[in-house]
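Reading through the structure tokens given below for one structure.
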Amino acid sequence: QVQLVESGGGLVQAGDSLRLSCAASGCTFGSCVMGWFRQAPGKEREFVAVISRSGGNSYYADSVKGRFTISRDNAKNTVYLQMNSLKPEDAALYYCAARANRITLATNYYEYDYWGQGTQVTVSS
């Protein structure tokens, strides 16, 4: 029903910017709350950002607040994560997640129903 495909990851230097995209088929007309999570080797999956179904509200983890921006284009069924001033600690596998037919801007990974395969972000210093 829902399929998520992330793209835009890559290798950058500290201080650089990167924009991730997530094509969300099955989440048409803003039917899904969309979130971004990340997981570094040896660490647990970490919440990054979440955006409401309409795109009018969002919430960020303290570690990325002020540097990352989540947005969505419901006409294109796509959610984005603009990452600025990247730090080495931002390096991780970034996952796009969907919370179908829900309203709450959840921050826990187990509250999401669908996941993409992830896109790798590497930050050198």
Side-chain angles (χ1 to χ4, degrees):
Q1 182 179 350
V2 177
Q3 188 170 6
L4 309 177
V5 181
E6 304 97 331
S7 63
L11 173 62
V12 298
Q13 292 185 333
D16 286 352
S17 297
L18 203 60
R19 191 185 198 189
L20 306 182
S21 298
C22 174
S25 62
C27 291
T28 57
F29 300 102
S31 61
C32 298
V33 169
M34 301 297 298
W36 285 97
F37 290 78
R38 65 188 183 186
Q39 186 168 199
K43 294 185 177 181
E44 296 183 349
R45 192 161 16 180
E46 176 188 18
F47 167 75
V48 176
V50 60
I51 190 167
S52 62
R53 288 158 55 162
S54 67
N57 198 12
S58 59
Y59 182 76
Y60 301 88
D62 290 338
S63 60
V64 305
K65 193 173 299 181
R67 298 187 298 118
F68 290 11
T69 302
I70 187 172
S71 62
R72 68 190 299 165
D73 187 338
N74 288 339
K76 297 181 179 179
N77 297 318
T78 302
V79 63
Y80 307 93
L81 183 67
Q82 178 66 46
M83 305 183 294
N84 297 328
S85 302
L86 283 164
K87 304 175 181 180
E89 51 263 45
D90 293 320
L93 187 64
Y94 281 72
Y95 295 96
C96 177
R99 196 164 189 259
N101 303 122
R102 304 293 181 89
I103 299 176
T104 304
L105 272 59
T107 59
N108 299 305
Y109 73 90
Y110 53 81
E111 295 179 290
Y112 287 79
D113 304 300
Y114 304 96
W115 296 84
Q117 294 183 341
T119 184
Q120 182 66 48
V121 173
T122 302
V123 185
S124 63
S125 62

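Index from 1, following the sequence.
- The hydrophobic cluster containing Y80 does not contain V64, counting ILVMFWY residues as joined when their side-chain heavy atoms lie under 4.5 angstrom apart, directly or transitively.
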Go through D62 and K65 one step at a time and tell me if the salt bridge (charged side-chain N to carboxylate O under 4.0 Å, His left out) criterion holds. CA-CA 5 Å; D62 290 338; K65 193 173 299 181; 3.3 Å; yes
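- Hydrophobic clustering, with ILVMFWY side chains joined whenever heavy atoms are under 4.5 angstrom apart, keeps Y112 apart from W36.
- Hydrophobic clustering of Ile, Leu, Val, Met, Phe, Trp and Tyr side chains at less than 4.5 Å, counting indirect connections, unites Y95 with Y110.
- With rounding to the nearest 0.5 Å, the separation of CZ in R19 from CE in M83 is 11.5 Å.
- Between the side chain of E6 and the backbone N or O of C96 there is at least one donor-acceptor pair closer than 3.5 Å.
- Under the 3.5 Å distance criterion, the side-chain polar atoms of R72 are matched with a main-chain donor or acceptor of S52.
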Start with the C-alpha distance between T104 and V33, add both sets of side-chain angles, then the distance that settles side-chain contact (heavy atoms from CB on, under 4.5 Å), and finish with yes or no. CA-CA 7 Å; T104 304; V33 169; over 6 Å; no
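- Between N101 atom CG and C32 atom SG the span is 6.5 Å, to the nearest 0.5 Å.
- Between V79 and M34, the closest heavy-atom pair is CG1-CE, 3.9 Å.
- V50 and L93 fall within the same hydrophobic cluster, where Ile, Leu, Val, Met, Phe, Trp and Tyr residues are linked whenever their side-chain heavy atoms come under 4.5 Å apart, directly or through other members.
- Salt-bridge check for R67 with D90: passed, with a basic side-chain N closer than 4.0 Å to an acidic carboxylate O.
- Aromatic ring centres of W115 and F37: separated by under 6.0 Å.
- A pairwise comparison of heavy atoms in G9 and L20 identifies N-CD2, 3.6 Å as the closest pair.
- The line from OG of S125 to CG of L86 is 12.5 Å long, rounded to the nearest 0.5 Å.
- L105 and I51 make their closest contact through CG-C, 4.5 Å (heavy atoms, listed as atom of the first residue, atom of the second, distance).
- The shortest side-chain heavy-atom distance between Y60 and T107 does not fall under the 4.5 Å cut-off.
- More than 12 heavy atoms of other residues, nucleotides or ligands shown are found within 6.0 angstrom of CD on E89.
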Checking side-chain contact (heavy atoms from CB on, under 4.5 Å) for the pair S63/R38: CA distance, chi angles, key distance, verdict? CA-CA 12 Å; S63 60; R38 65 188 183 186; 3.5 Å; yes
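- Formation of a donor-acceptor pair under 3.5 Å by the R99 side chain with backbone atoms of E111 is found in this model.
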Stepwise side-chain contact (heavy atoms from CB on, under 4.5 Å) check, D113 with V2: CA-CA 9 Å; D113 304 300; V2 177; over 6 Å; no
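- With rounding to the nearest 0.5 Å, the separation of CG in L18 from OG1 in T119 is 8.0 Å.
- In this structure, C22 and L4 approach most closely via the heavy-atom pair SG-CB, 4.0 Å.
- Although no hydrogens or angles enter the test, the distance criterion places a donor-acceptor pair under 3.5 Å between the side chain of S25 and the main chain of Q3.
- No donor-acceptor distance shorter than 3.5 angstrom exists from the side chain of R45 to the backbone of N108, with no hydrogens or angles considered.
- Of all the heavy atoms in A40 and A92, the pair that sits closest is N-CB, 3.9 Å.
- Shown here for S21 and T78, the closest heavy-atom pair between the two residues is CB-CG2, 4.4 Å.
- Counted within 6.0 Å of CD on Q120, heavy atoms from surrounding residues, nucleotides or ligands total more than 12; the atom is thus considered enclosed.
- Following chains of ILVMFWY side-chain contacts shorter than 4.5 Å, one cannot reach Y59 starting from I103, and the two form parts of different hydrophobic clusters.
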Going through the distances and angles, do N84 and S17 end up as a side-chain contact (heavy atoms from CB on, under 4.5 Å)? CA-CA 4 Å; N84 297 328; S17 297; 2.9 Å; yes
